Amino acid sequence: MPQGKLQAPRGTADVLPEEAARRRELGRICEELLGRAGYGQFESPVFEDTDLFARGVGESTDIVQKEMFTFEDKGGRSLTLRPEGTAGACRAYVQHGMHKLPQPVRLWYLGPFFRHEAPQAGRFRQFAQAGAEAIGSDDPSLDAELILLLGQLLEQAGTRKMRLRLSSLGSADTRAAYLDELRAYLRAREGELSDEVRARLDSNPLRAFDADHHGTRAVMAEAPTLLDRLEPEDADHFAEVRALLDEAGLAYELDPSLVRGLDYYTRTVFEFESDELGAQSGLGGGGRYDGLVERLGGPPTPAVGWAAGIERILLASDVRPRDEQRPVFIAFADGADARDGFRLVRSLRAAGLAAEMEQAGRSLKGQLKHGDRMGARSVVIIGGGGEGIEVKDMETGDQVRVGGAAQAVELLLAEASE
Ligand code: HAM
């Protein structure tokens with residue numbers, strides 16, 4: 001016999017029916033919102049060749065270096081549980097020759113993702129993301145469209161205290177030149193920086209923008225920003241994205257220090273955050289990734305997209321399931337024939353009503369209480385010794401006797417359509 005209590009693995013959680021209903025509601029919002037904007041639902045495998053993420057997400061990222069669940073299959077192939085969805089979407093775009101379809105190809109997805117991170121509030125090793133990707137156009141209206149869609153999703157879910165950070169990274173070349181310039185600037189004023197920033201000066205000079213240290217903040221207030229160094233084409237593209245967001249009335253903070261944990265971004269990047277969430281404040285984010293399809297072996301193809309964390313949205317919002325049908329509950333008086341109840345349940349369900357019957361041996365009083373507690377709209381009481389059937393309306397307390405099962409179904413159907 002195995003010893004010890006069995007529990008779900010660290011960083012994972014069971015989704016019980018009540019939370020499943022909230023998740024379903026979020027899924028419904030995504031489907032409606034994204035479907036109306038022309039996004040088709042897409043599913044990719046939960047595991048892929050490890051190489052896809054190494055090449056797609058980037059060898060130098062925390063995700064690839066530390067956070068992947070990687071394993072070997074029986075044929076000796078290295079596979080990885082997907083840590084994100086964009087690389088898989090681009091792999092599918094190339095594999096299925098989607099560049100031959102009318103562009104852009106718009107896809108959305110919802111499903112589980114896996115990262116081996118230290119679990120804490122809002123951070124899990126298995127989590128769910130809803131994501132949207134528009135592949136095959138560099139039009140700035142696509143960037144704006146996607147940002148607005150994510151904003152609407154979060155708003156319709158009732159997300160509290162949220163804000164949007166927005167920036168542009170330009171091209172990889174612009175970024176590399178800028179990082180050199182920033183390093184040189186920081187080195188020239190090294191004495192004023194915190195030890196922590198100094199230690200990361202080579203590997204991640206952008207971190208200096210997030211520092212709380214007084215001296216570092218003073219240095220950063222005068223530091224060059226990437227936004228000031230964009231090539232004219234990239235600056236124009238970003239200006240158009242901003243103009244479209246302004247026109248739509250979506251507020252954002254321009255944040256040149258916005259860094260994302262994935263390597264594929266070019267031009268627009270953005271992140272929605274909520275102060276409700278504490279340290280893990282990111283609700284969802286994304287941006288343009290104009291080089292990724294080509295890096296995965298496809299033709300040069302611009303693209304843009306986002307993903308949002310379902311658990312984080314649920315934590316920061318009051319999304320409620322839409323009213324679902326209240327059931328009919330079938331109770332038995334002493335001496336009633338349980339088969340009559342079983343037959344009636346089947347008829348009610350066949351007629352499209354939600355119905356359940358007593359199956360735990362409760363007294364009649366206990367059954368009525370149970371019907372009330374489960375939120376039944378009506379309780380049907382099957383009498384003992386062929387005494388007939390009573391239908392009790394749980395809202396008004398009215399009780400009527402009906403001639404038989406067929407009349408009970410008729411009455412309950414009429415009540416349900418009121
Ligand atoms: P990401 O920022 O790494 O982007 O993840 C998107 C969202 O997933 C985060 O904002 C967060 O809400 C949620 N998330 C990430 N890691 C965890 C975790 N360990 N626990 C709970 N939630 C988590 C991407 O994944 C990109 N693929 C987004 C994208 C799509 N960019 C372009 N297209």
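Remember, it's 1-based here, ligands and their atoms both numbered in the order they're listed. Numbers for residues simply follow the sequence, beginning at 1. Computed from a predicted model, the values in this text were never measured in an experiment.
Ligand 1 has G285 within reach: a non-hydrogen atom of the residue lies less than 4.0 Å from it. Within the structure, ligand 1 lacks A87 among the residues with a heavy atom less than 4.0 angstrom away.
Looking only at heavy atoms of the protein, atom 4 (O) of ligand 1 is closest to R260 NH2, 3.0 Å. Nearest protein heavy-atom neighbour of atom 30 (C) of ligand 1: T86 OG1, 3.0 Å. For atom 20 (N) of ligand 1, the closest non-hydrogen atom of the protein is F124 N, 3.0 Å. When only non-hydrogen protein atoms are considered, atom 32 (C) of ligand 1 lies nearest to G305 O, 3.3 Å. When hydrogens are left out, the protein atom nearest atom 11 (C) of ligand 1 is R312 NH1, 3.4 Å; that is the closest non-hydrogen contact. Regarding atom 8 (O) of ligand 1, its nearest protein heavy-atom neighbour is Q129 NE2, 3.1 Å. For atom 21 (C) of ligand 1, the closest heavy atom belonging to the protein is G122 O, 3.3 Å. Distance from atom 13 (C) of ligand 1 to its nearest protein heavy atom, with residue and atom name: G309 CA, 3.7 Å.
Looking at ligand 1, you won't find any N or O of Y289 less than 3.5 Å from one of its N or O atoms. Remark: ligand 1 and P83 share no N or O pair separated by less than 3.5 Å (distance only, no angle test). Between E133 and ligand 1, at least one pair of N/O atoms sits closer than 3.5 Å. The shortest N or O to N or O distance between G85 and ligand 1 is not below 3.5 Å. Considering backbone and side-chain atoms alike, G282 places an N or O below 3.5 Å from some N or O of ligand 1. Between A132 and ligand 1, a contact under 3.5 Å exists for no N or O pair.
Taking the six-membered ring where the residue is Trp, F113 and Y109 present tilted rings, their angle falling between 30° and 60°. Between F71 and F47, the ring planes lie perpendicular to each other; the angle is over 60°, past the 30° to 60° tilted range.
With hydrogens and angles disregarded, a donor-acceptor distance shorter than 3.5 Å links the side chain of S274 to the backbone of R160. Judged by distance alone, with hydrogens and angles left aside, the side-chain atoms of R183 form a donor-acceptor pair with the main-chain N or O of D202 at under 3.5 Å. The backbone N or O of D138 sits less than 3.5 Å from a side-chain atom of H237, completing a donor-acceptor pair. Judged by distance alone, with hydrogens and angles left aside, the side-chain atoms of R82 form a donor-acceptor pair with the main-chain N or O of S44 at under 3.5 Å.
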Practice item. I would like to know whether R326 and E395 meet salt bridge (charged side-chain N to carboxylate O under 4.0 Å, His left out); could you show each step before the answer? Key: CA-CA 12 Å; R326 290 171 62 193; E395 222 119 90; 2.8 Å; yes
Practice item. Before giving the answer on side-chain hydrogen bond (donor to acceptor under 3.5 Å, both in side chains), spell out for T50 and T80 the whole-Å C-alpha distance, their side-chain angles and the decisive distance to 0.1 Å. Key: CA-CA 5 Å; T50 301; T80 291; 2.8 Å; yes
Point to revise | Audit row: D246, Y252, side-chain hydrogen bond (donor to acceptor under 3.5 Å, both in side chains) steps and yes/no | key: CA-CA 9 Å; D246 291 339; Y252 55 84; 3.0 Å; yes
Practice item. Show your working on side-chain hydrogen bond (donor to acceptor under 3.5 Å, both in side chains) between S171 and E231 and close with a plain yes or no. Key: CA-CA 8 Å; S171 66; E231 294 293 330; over 6 Å; no
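Which parts of ligand 1 touch G286 is read off a 4.0 Å heavy-atom cut-off, strictly below it: atoms 31 (N). Atoms of ligand 1 found under 4.0 Å from any heavy atom of G284, numbered from 1 in the order shown, are 10 (O). Counting atoms of ligand 1 from 1 in the listed order, those under 4.0 Å from a heavy atom of E84 are 25 (O), 26 (C), 27 (N). Counting the atoms of ligand 1 from 1 in the order shown, those under 4.0 Å from a heavy atom of L262 are 3 (O), 4 (O), 24 (C).
In summary, the side chains of R260 and Y265 do present a donor paired with an acceptor at a separation below 3.5 Å, with no hydrogens or angles considered. With 3.5 Å as the limit, one finds no donor-acceptor pair spanning the side chains of T86 and Y289. For the residue pair S141/D139, the side-chain donor-acceptor check at 3.5 Å is satisfied.
With a 4.0 Å cut-off on non-hydrogen atoms, Y265 touches ligand 1 through its side chain and not its backbone. With a heavy-atom cut-off of 4.0 Å, F127 touches ligand 1 through its side chain alone. Contacts between Y264 and ligand 1 below 4.0 angstrom, taking non-hydrogen atoms only, involve the side chain exclusively. At a heavy-atom cutoff of 4.0 Å, ligand 1 is contacted by no atom of R125, backbone or side chain.
In this structure, R106 is positioned above the aromatic face of Y39, its NZ or CZ under 6.0 Å from the six-membered ring centre and within 45° of the axis.
Salt-bridge check for R362 with E358: passed, with a basic side-chain N closer than 4.0 Å to an acidic carboxylate O.
Comparing H116, R115, E117, E67 against atom 19 (N) of ligand 1, the shortest heavy-atom distance belongs to E117.
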